[in-house]
Structure formats: C-alpha cells, structure tokens
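All remarks here apply to the structure that follows.
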Amino acid sequence: MVWKMRILLIHSDYIKYKTKSKTKIAEEIEDEKKEGEFKNSLVVFTAVEKEDEKNPDLVVENATLEIADIFFKIGAENIVIYPYAHLSSSLSSPNAAKKILHDMEVQLRSQNLNVSRVPFGWYKSFEVSCKGHPLSELSRTILPEKTEPQTNEKIDIQKSEFNILNNGKLYNVDEFPYENSDFKKLVDYELDRTKSSGEEPPHVKIMREKKLAGYEPSADIGHLRWYPKGKLIRDLLADYVYNLVTERGAMPVETPIMYDLADEAIRVHAEKFGERQYRMETKNKQLMLRYACCFGAFRILADTFITWKNLPLAIYELSTYSFRLEKSGEVVGLKRLRGFTMPDLHTVCADLQQSMQEFSNQISMCAQTGKDLELNYEVIMRVTADFLEENQEWVFQAAGMIGKPVILEILPKRKHYWICKMDFAAIDYLGRPIENPTIQIDVESAERFGITYINEDEEDLNPIIIHCSPTGSIERVIGSLLEKTAIKIDEKPPMFPVWLSPTQVRILTIAERHLDFALRLADDLKKQNIRVDVDDRPDTVRKKIRNAGSEWVPYVIVIGDKELESDQLMVNIREFNEKSLMNKNKLIERVNNDIDNMPFRKLPLSLKLSERVNF
RNA sequence: GCCUCGGUAGCUCAGUCUGGUGGAGCGCGAGACUUGUAAUCUCGUGGUCGCGGGUUCAAUUCCCGUCCGGGGCUCCA
C-alpha cells in the first residue's frame, strides 16, 4: 500500500483550540499561539505520511492547489492548518511533517490568503462547528506526483538549439536555402512558427466516409471502432511490420497490457509519463495500462540470460493496444488517440558503439517503410550536447543516410532516458507533422529494470537498449495515407496503394444475364490471391462505376455481352484514370506487379455487393 | 485541461437569431425501366432535434449543467 498526505477539510462557523501539554516532538511556540479561535474558516486537518517525504515540495504544491481551490469555492475567510495524525496509520517523521506543514502555510500565505497554523506536537482541546452544506466536509489524498505544470514554469528553461544538417554541414535554421516545402513545414512546426488555418484534418472525414473506422461513443475519448475494411488495412500493415522486423532478426513476443505499480522499476518508468496514464485499481493492486511495450519487453529481457554472443538482440511486439491518457483537447482523428496500436522493437546492444551501429541499421529500416508505404518523411535528429560532442562524426553520418536535409536538435542536458533519437514525420494536409517512425538510444532503462548481459570477460553489465517503432502507430500510418490522398487530390485520384486497397478488382455486371460469367471471373482472380468483388445490384452501369470510384477501387471491369463473347476485358485503371483492354492473365499479372511482395489477406466481405451490410 | 464553435433521419446538412404539430438530398423499401463507364424515374419508410434540469400555456429553438465532436492554446516522456 502506498501512503500519501491525507487531509480532511471542514468549512466551519468557528474553530477554537487550546494547547494542553507537550509531547516529545512538540514544536516551540510563542504564548499567543497556545490558544486561538477563527471564524468562517476552512479547517484543514492534515496527516503527513511516509510517502510524502520522497517529494515534499510537490506534496506542498499539490496540497496548496487543492486547498486554495476549495477555499475559493466555499468562500471562507480563513484557512486553518491543523496537524491531525489520526488520519493516517503510516506517519512521516515529525521533522518532515513540521517542514511540510510550515511550507504549506508559507505558500498559501504567499497567495495573500489568511492562513493560520495550529501548533504541532501538543495535546490540544478543540471545538469545531461544521457548517453542514454539501461542500463543508471533504477529504483529499494528496499525491507526491506531478499534476499540472501550470504554476512552475521555472524548471526547464534551458532551451534546445535547432540547426539544419545537410551534406555534412550545419546551417542556421534561418539561413538554410529551403527547397522542400514539407521540410520547411517541419522546421516551422518545431520552432513554433506554424500558422493555424482552423480546419479539420481531412483524414477524419475520410476514415468515416470510407467505412474504415469511427469514434466509439461508449468508450473513452480517443478509442476507435474499426469496420471490416479498416480492420483489413490495419492487419495488412501489422503483417508488413512483422515481416520487416522478423526478416531483420527480431523475435516477436506478446506481453500484458497492464502492470503492477508495486514493482519499483515499473513505477519509476511509468511515472516518466506523468498523469498521462490510465490507472486502475483492483482489490489490492494499483495497476497501470501500458503506453508502450517497454514494460513487458524489459521484464522479459530482465529475466533472460544474455551473453555478448547474443547481442544485438531484438524483440518485437505490436501493441494492440497502447494507452495514453492524452488531454481531451489533444485527441483528434487517427493522429492522436488514447488507445492505439504501435509496432515496438527493443534491441539490446552491448555498448554505445554497438548501439550506434544498430541505430544506423534501423535508420535504413525506417526509411524503407517510407518507400514501401509511399509516404514522404521529413526527419529530425535529437541529441544531447554531450553525445554530439563525443560522436559528431557518427551523428553527421547517420543524418546523412536520410539523403536530404534533416533538423538537428541539440539538447543542452539529458532530459529523458535517451541521448540520441531520430523522428520521422509525414506532413499532413494542413502542414503539420504526423510523427511516425522513431528510434531512440536508451541509456537508463537497463539498469532500472535489472537487464544485464555477460561480456567476454564474464562481467555482468547493463546493456544499451534501442527503442524503435519502424512505422509509428498503425493508426498514424493510415492517417498519413489518407492525408496524402487529400494533398494529392489535384494530381491523381485518391486511393490506397493496391496492396492495401480492400477491394482490388471490382467486376460489375450490366444485366442479370452477365452475373454467372462475372462470378466465374471473380473466382479465377480470387484463386490468384486478388481481393475481388462483384457489383451484382440492379443499378445502372453509370451508378456502379461511380460507386466503385467512391470506394477507391483500383481496377474496375464491366461485364456485358461483349465480354461473354471474347477473352478481352475493358479494365478501368483508377491510378491513371484510363481504360485499357487486356485479358485475364494480363490483369492478374498487373495486380500482382502492383502488390509486389507486400502482404496479402483475403477480402473479409461478401463477394456480392448485393449481400453487403452498410456500416 | 482551458478558450471557442458544433451535435437535427443510417449518412451529409437546412431550420433555431424572432418559442407555436420538424425539412431536403443520399441511403433504405416497393414499383416501373433491362440499361456499356462517375447518381434512371415514381411512390414510400425513416426523428426521444446528444442527454439532464430550468423558464414558459407551449422549448429542437431561450437559460443552466453534462456528454460527445471540430478548431485554437497547451501537450505529444
């Protein structure tokens, strides 16, 4: 059980007290404080607990915020801080308590409130008259954790330095000759220079129109429901990343989505994410929902016997789901969710040298996903000043692998667990980045989680761990693909890459007598691993063509009397907005060529459109 | 979380300012048509006007609260 400061708040008509006799731990007081009476007061009975000693300043701050908040709500005139040990069975040391109570008094007073504090460590008689309105009796537990950063902007003044790195040369952000508008947009965004247009990102509407995904009103904010077409695309992307990482030697695992905060390493790692966690309590456990796969991965690695011969060693998991309690105003479409799916690769490296080498390999892997998914990534590399100083040659070379300018952020001090990271972002229709792949060198977690390996000299050492998401979250990938269609709308008809298109080939019939032929053709294509369906509804050809277009179907074939006679098919090719005459085998070849070696899954919808449900 | 705008039929949206029996298109159902490349015609079905409270003879409309969504701020270890 974790204990925290407990307070009982009473809005009273009056409170009177009188000191009787000292205890061993009594504080020295002047005579005038030996008794007192306060009218219309918010009395704060307070017990300082063991846990509070870990971060007394934060407890004081949180308690002060809470008390002031209630004070203004009820409109009392005085605040009376009353030490009251009996609220807790796990008290802090008397000295810590005295300090915290004193600091609370000072901090409340600094807000120009009338504050009094009743002496600590005396036996006292007291009389309190509670007002009895709904807010007059409240209890609060104050956590020694960060709540809102609102009041203390003092920390973290040290700013990062931003530069552009191109062809091994460093440029000032204002002097760089920008040629690529997406890159310029990322720079502007990083430097807080992005102007807002007040529009909704187009992918939000498209994801619903195309029946991919929708909001689930009966869940929390930022959790989606996925319809069959969207689910198919998710699964194909998951297959894609699985193949990508396993081909490079990663071993897939699956770990729990919730963790016990009683585990010290889990708790400390969890608290790095502050309030943005889902927490849940069972009868005797406090649990958190994972925000990435680190927890499970690290626990596996900590329990695994690893030697230098095994390194680098990579384990992979697709987190369905990761949970982040983003602020309600930040959640939007597929870009920012509270429940999302992230490919998460953790690579154990013997030392910094090996981790840099692996980092380079993973840069290639992440860049490859941009090519495979046909997404343009702009890149930002972030390093601590120390790391840059010692490894400048490597940093420049790593950035050079991108083959175009990248932003280099230099952090004066290590602020997080990583010393070097690279973020790849697609730029959305409104010119804002969607953070996709990321690679990070983690120098902290191995030790915290007790992950070790045996080196050649049989010494037990903590490795370096690289976190990598080769595509970023699956939802963001889909969001980026949809944004891209909106950006390119003037250049080409919107569509998914053929391997991700739910329907790859649609066959539509002119009259009922053409259905048998259409179904036989569909069957042939299906046998060749092509997702095909048949629009057998009694609508006009014009209308069926239009429908196929609005579903972004890449290849559409009309079957009429002519097709029954010959083996030639008139194929509508969406990408080029053209019609082309070809036979069945040519079509199969063409589709397979589009799909290349990307993953395939069958169409999880009925073949005949007349039988389909409208989601 | 704060500020701001919105929530009306399965979907897209009008109506609300100025309170008085709620509209259109698409979809869906029925019928007609039997169709060759981006919406065939006619008829019909369809609503707790997000939810809760208040004001009023009367509330989708005005007021308060709340939930959900968009944008901005902030944040994205």
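First the proteins, then the strands, lettered A, B, ... as listed; each starts at 1. Note that the structure is a prediction, hence the values are computed from the model and not measured. What's counted below: heavy atoms across the whole structure, side chains too, no hydrogens, waters or symmetry copies.
In terms of phosphate contacts, A/Arg432 brings a side-chain nitrogen or oxygen within less than 4.0 Å of OP1 or OP2 of B/G72. Distances shown here put a side-chain N or O of A/Tyr215 below 4.0 Å from the OP1 or OP2 atom of B/G70.
In this structure, CH2 of A/Trp418 is placed 9 Å from P of B/A77, rounded to the nearest angstrom. Put simply, CZ on A/Arg336 is 14 Å from C1' on B/G72, counting in whole angstrom units. The NE2-P distance, from A/His467 to B/A77, rounds to 12 Å in whole Å. Atoms CG (A/Leu224) and C1' (B/C68) sit 14 Å apart, rounded to a whole Å.
Looking at heavy-atom distances under 4.0 Å, A/Lys544 makes no contact with the nucleic acid at all. A/Gln277 comes within contact range of no nucleotide atom at all, as no heavy-atom separation falls under 4.0 Å. Across all strands, A/Tyr189 comes closer than 4.0 Å to base atoms (heavy-atom distances). Among the atoms of the strands shown, only primed sugar atoms or phosphate atoms (P, OP1, OP2) are found under 4.0 Å from some heavy atom of A/Ile221. The residue A/Pro201 sits close only to the backbone: its heavy atoms come under 4.0 Å of sugar-phosphate atoms, none of a base. Residue contacts shown for A/Val571 are absent, as no nucleic acid heavy atom lies under 4.0 Å away.
Using modelled atom types, one side-chain atom of A/Tyr259 and one backbone atom of A/Pro256 make a donor-acceptor pair closer than 3.5 Å. Under a 3.5 Å cut-off, the side chain of A/Asn547 and the backbone N or O of A/Gly549 do not form any donor-acceptor pair.
The C1' atoms of B/G7 and B/U12 are separated by 14 Å, rounded to the nearest whole Å. Rounded to a whole angstrom, the distance from the P atom of B/G23 to that of B/G1 is 39 Å. When the P atom is compared between B/U61 and B/G22, the two are found 13 Å apart, to the nearest whole Å. Nucleotides B/C33 and B/G71, compared at atom P, are 50 Å apart to the nearest Å. Taking atom P in both B/G20 and B/U60, one finds a spacing of 10 Å when rounded to whole Å. Rounded to whole Å, the separation between the P atoms of B/G72 and B/G10 comes to 31 Å. Comparing the P positions of B/U8 and B/G52 gives a spacing of 16 Å, expressed to the nearest Å. Nucleotides B/G50 and B/U34 place their P atoms 45 Å apart, quoted to the nearest Å.
Looking at A/Lys608 and A/Asp535, no side-chain N of the basic residue comes within less than 4.0 Å of a carboxylate O on the acidic one, giving no salt bridge. A salt bridge is absent between A/Arg414 and A/Asp386: the closest approach of a Lys/Arg side-chain nitrogen to an acidic carboxylate oxygen does not fall below 4.0 angstrom. Under 4.0 Å is where a charged nitrogen must lie from a carboxylate oxygen, and between A/Arg537 and A/Glu611 no such pair does. The existence of a salt bridge linking A/Glu264 and A/Arg267 is confirmed by a sub-4.0 Å separation between a basic side-chain nitrogen and an acidic carboxylate oxygen. Using a 4.0 Å cut-off between a side-chain N of Lys or Arg and a carboxylate O of Asp or Glu, A/Glu190 and A/Arg382 qualify as a salt bridge.
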Just the table, please: protein N/O against nucleotides 40-42 of chain B N/O, every pair under 3.5 Å.
| unit_1 | atom_1 | unit_2 | atom_2 | d |
| --- | --- | --- | --- | --- |
| B/U40 | OP2 | A/Thr540 | OG1 | 3.3 |

Collect all protein-nucleotide pairs involving nucleotides 6-14 of chain B in which both atoms are nitrogen or oxygen and the distance is under 3.5 Å.
none

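Note: A/Phe273 and A/Tyr291 meet the aromatic proximity criterion, with ring centroids under 6.0 Å apart.
Residue A/Val332 has its side chain nearest to B/G70 when only B/A77, B/G70, B/U37 are considered. The side chain of A/Lys272 sits closest to B/A77 out of B/C76, B/A77, B/U35. Minimum atom distance to the side chain of A/Asp561 is reached by B/G36, of the listed B/G1, B/G36, B/A38. Distances were taken from every side-chain heavy atom of A/Glu330 (C-beta onward) to each of B/G36, B/G69, B/C73; the shortest belongs to B/C73. Minimum atom distance to the side chain of A/Ile545 is reached by B/A38, of the listed B/A38, B/G36, B/A77. Which of B/U35, B/A77, B/C75 sits closest to the side chain of A/Val541 comes down to B/U35.
Only one option out of A/Tyr321, A/Phe340, A/Tyr278 pairs with A/His223 in a ring pair (Phe, Tyr, Trp, His ring centres under 6.0 Å); it is A/Tyr278. The only option from A/Arg279, A/Gln277, A/Met280, A/Arg324 that meets the side-chain contact (heavy atoms from CB on, under 4.5 Å) definition with A/Leu289 turns out to be A/Met280.
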- Going through the distances and angles, do A/His346 and A/Tyr316 end up as a ring pair (Phe, Tyr, Trp, His ring centres under 6.0 Å)? CA-CA 6 Å; A/His346 290 94; A/Tyr316 168 72; 9.8 Å; no
